[in-house]
Amino acid sequence: MDLLALTDFNLVARHGGFGKAARATGRPKATLSRRVGDLESSLDLRLFERGARDLKLTEEGRALFERTAALLAELDETAAAIASGGQRPKGRLRISAPMLFSQTAMGRIAAGFALEYPEVRLEVTTEDRHVDMIEEGYDLVIRVNPDPDESLVGRAFLRDRLVVVASPRLPRTTGGSGVPGVARGAGERQIWHVKTEDGRSTIKIEPVLSLSTLIMVRDAVRAGVGAARLPISLVAHDLADGTLVNWGDIDGPEIALWTLYPSRRLLSPRVSAFLDFLKQAFPNGTPEELAAYIGR
């Protein structure tokens, strides 16, 4: 594929027409038209629907634009950075992050990053669902214990663990009866397996509340309505103050937060800068560092 023709196609698609692209860039309209025509011929596809007054992308043209616009921008940034000996990051950086991390830490992280890199326009979307980075135009996603994906690369930058916590006023029954529990969602298990210094044990619960976010669950536990499973980083200050007590660590895999980006993309200066910023914020990636960052 002709890279120059692909670049001209992206110019026309971005500006919505040959004339608009020519006026915005100073490129001859005839050159843009010829290059796009050559690209269509080489692909044996129609990329634009040409009307009397307007120009619209075909379905194939829209797919090509969505998949190549970010790649071309990254190539331009990389070339400029090399030519200038290390240009400061600039441009738009789109990130998808999970809800709890966004609610507790991303605001401060985003603010600190914006102050250090004022030429980067950071956009953070909060969502726990799986996103298609290419189709939806994300540069980076943050996910909890992501499934393996050959199209993505990344690393774990934070680790946490689940603990069972409750108000000191809530008795922990040891017989067959359960204790009041606060669940996240309707599918919470009614038997929790925990590890303590004395070994492994089980806690039977009787859900009294079902809440959709861990922040809500924590607030309900603080009010003394029941016990709950929560990340220790979210309740570390409560445990230190004695307003909550730890009934044991959940017996299971740790929680790991990963940063992920497409493996076929060049790592843009913006993404590299954000990864470095996260490393500075959480140098060891421990729950204690996240708890300190969250504050009270």
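Just so it is clear, the structure is predicted and the values come from calculations on it, not from any experiment.
- Remark: Arg35 does not engage Asp38 in a salt bridge, criterion side-chain N to carboxylate O under 4.0 Å.
- Remark: Phe157 engages Phe101 in a ring-ring contact (aromatic ring centres under 6.0 Å, His included) (not counting sequence neighbours).
- The structure places CD of Glu60 at 12.5 Å from CZ of Phe48, a figure rounded to the nearest 0.5 Å.
- Linking ILVMFWY side-chain heavy atoms closer than 4.5 Å, directly or via other members, places Met99 and Trp258 in two distinct hydrophobic clusters.
- A heavy-atom distance below 4.5 Å is found between the side chains of Pro231 and Leu214.
- Here the side chains of Asp128 and Val144 are not in contact, with every heavy-atom distance at 4.5 Å or above.
- In this structure, Arg108 contributes its side chain and Tyr293 its backbone to a donor-acceptor pair below 3.5 Å.
- Of the possible polar contacts, one joining the Thr58 side chain to the Arg46 backbone as a donor-acceptor pair under 3.5 Å is found.
- Between the side chain of Arg143 and the backbone N or O of Arg129, at least one donor-acceptor pair lies under 3.5 Å.
- Between the side chain of Arg172 and the backbone N or O of Ile203, no donor-acceptor pair lies under 3.5 Å.
- Minimum heavy-atom separation, Pro28 to Ala22: C-CB, 4.4 Å.
- In this structure the side chain of Tyr261 reaches within 4.5 angstrom of the side chain of Val153, judged on heavy atoms.
- For the pair Leu260/Tyr138, no side-chain contact is recorded, criterion being any heavy-atom separation below 4.5 Å from C-beta on.
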So Val271 and Leu93, side-chain contact (heavy atoms from CB on, under 4.5 Å) or not? Walk me through it.
CA-CA 7 Å; Val271 173; Leu93 176 60; 3.9 Å; yes
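- For the residue pair Asp8 / Thr31, no side-chain donor-acceptor distance below 3.5 Å is found, with atom types taken as modelled.
- Scanning all heavy atoms of the two residues, the minimum distance from Leu244 to Ser167 falls at CD2-N, 3.9 Å.
- Qualifying salt bridge (charged side-chain N to carboxylate O under 4.0 Å, His left out) partners for Arg200, counting only residues two or more places apart in sequence or in other chains: Asp251.
- The backbone N or O of Glu123 sits nowhere less than 3.5 Å from a side-chain atom of Arg92 that would complete a donor-acceptor pair.
- The shortest heavy-atom contact between Ser96 and Val131 is OG-CG1, 4.0 Å.
- Taken together through direct or relayed side-chain contacts under 4.5 Å among Ile, Leu, Val, Met, Phe, Trp and Tyr, Val208 and Val217 form part of one hydrophobic cluster.
- Note on Met133 and Leu275: same hydrophobic cluster, where clusters join Ile, Leu, Val, Met, Phe, Trp and Tyr whose side-chain heavy atoms are under 4.5 Å apart, directly or indirectly.
- A donor-acceptor distance shorter than 3.5 angstrom exists from the side chain of Thr243 to the backbone of Asp238, with no hydrogens or angles considered.
- One finds the CD atom of Glu66 at 7.0 Å from the CZ atom of Arg62 (value rounded to the nearest 0.5 Å).
- Interatomic distance, Leu122 CG to Ile95 CD1, rounded to the nearest 0.5 Å: 5.0 Å.
- We find the CG-NE2 distance between Asn10 and His15 to be 10.5 Å, quoted to the nearest 0.5 Å.
- Residue-environment remark: CD (Glu116) exceeds the threshold of 12 foreign heavy atoms within 6.0 Å.
- When all heavy atoms of Leu290 and Ser233 are compared, the closest pair comes out as CD2-OG, 3.4 Å.
- Pairing each heavy atom of Pro89 with each of Pro269, the nearest pair is CG-O, 3.6 Å.
- Arg229 places no side-chain N or O within 3.5 Å of a backbone atom of Ile250 that could act as its donor or acceptor partner.
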**Request:** Check the pair Ile215 / Leu234 against side-chain contact (heavy atoms from CB on, under 4.5 Å), numbers first and verdict last.
**Result:** CA-CA 8 Å; Ile215 295 292; Leu234 192 60; 3.9 Å; yes
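- Under the 4.5 Å side-chain heavy-atom criterion for grouping Ile, Leu, Val, Met, Phe, Trp and Tyr, Met216 is connected to Val235 within one hydrophobic cluster.
- Shown here is Lys195, whose NZ atom has more than 12 heavy atoms of other residues, nucleotides or ligands within 6.0 Å.
- How far CG of Leu64 is from CG of Leu39: 6.5 Å, rounded to the nearest 0.5 Å.
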Self-check item: Full working for side-chain contact (heavy atoms from CB on, under 4.5 Å) between Met106 and Ile142
Solution: CA-CA 11 Å; Met106 185 54 84; Ile142 298 173; 3.6 Å; yes
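- For Arg155, the CZ atom is densely surrounded, since the number of other residues' heavy atoms within 6.0 Å is greater than 12.
- The aromatic rings of Phe113 and Phe274 sit perpendicular, their planes meeting at an angle over 60°, well past the 30° parallel limit.
- For the pair Val165 and Trp247, the minimum side-chain heavy-atom distance is 4.5 Å or more.
- A 4.5 Å side-chain heavy-atom check between Leu72 and Leu3 finds at least one atom pair inside the cut-off.
- Annotation: Asp147, atom CG; neighbour count of heavy atoms from other residues, nucleotides and ligands within 6.0 Å does not exceed 12.
- Of the inter-residue distances, the one linking Arg23 atom CZ with Thr25 atom OG1 reads 10.5 Å to the nearest 0.5 angstrom.
- For the pair Asp160 (side chain) and Ile255 (backbone), a donor-acceptor distance under 3.5 Å is absent.
- Across all non-hydrogen atoms, the minimal contact from Gly248 to Thr196 is CA-CG2, 3.8 Å.
- Side-chain contact check for Arg14 versus Phe65: some heavy-atom pair is nearer than 4.5 Å.
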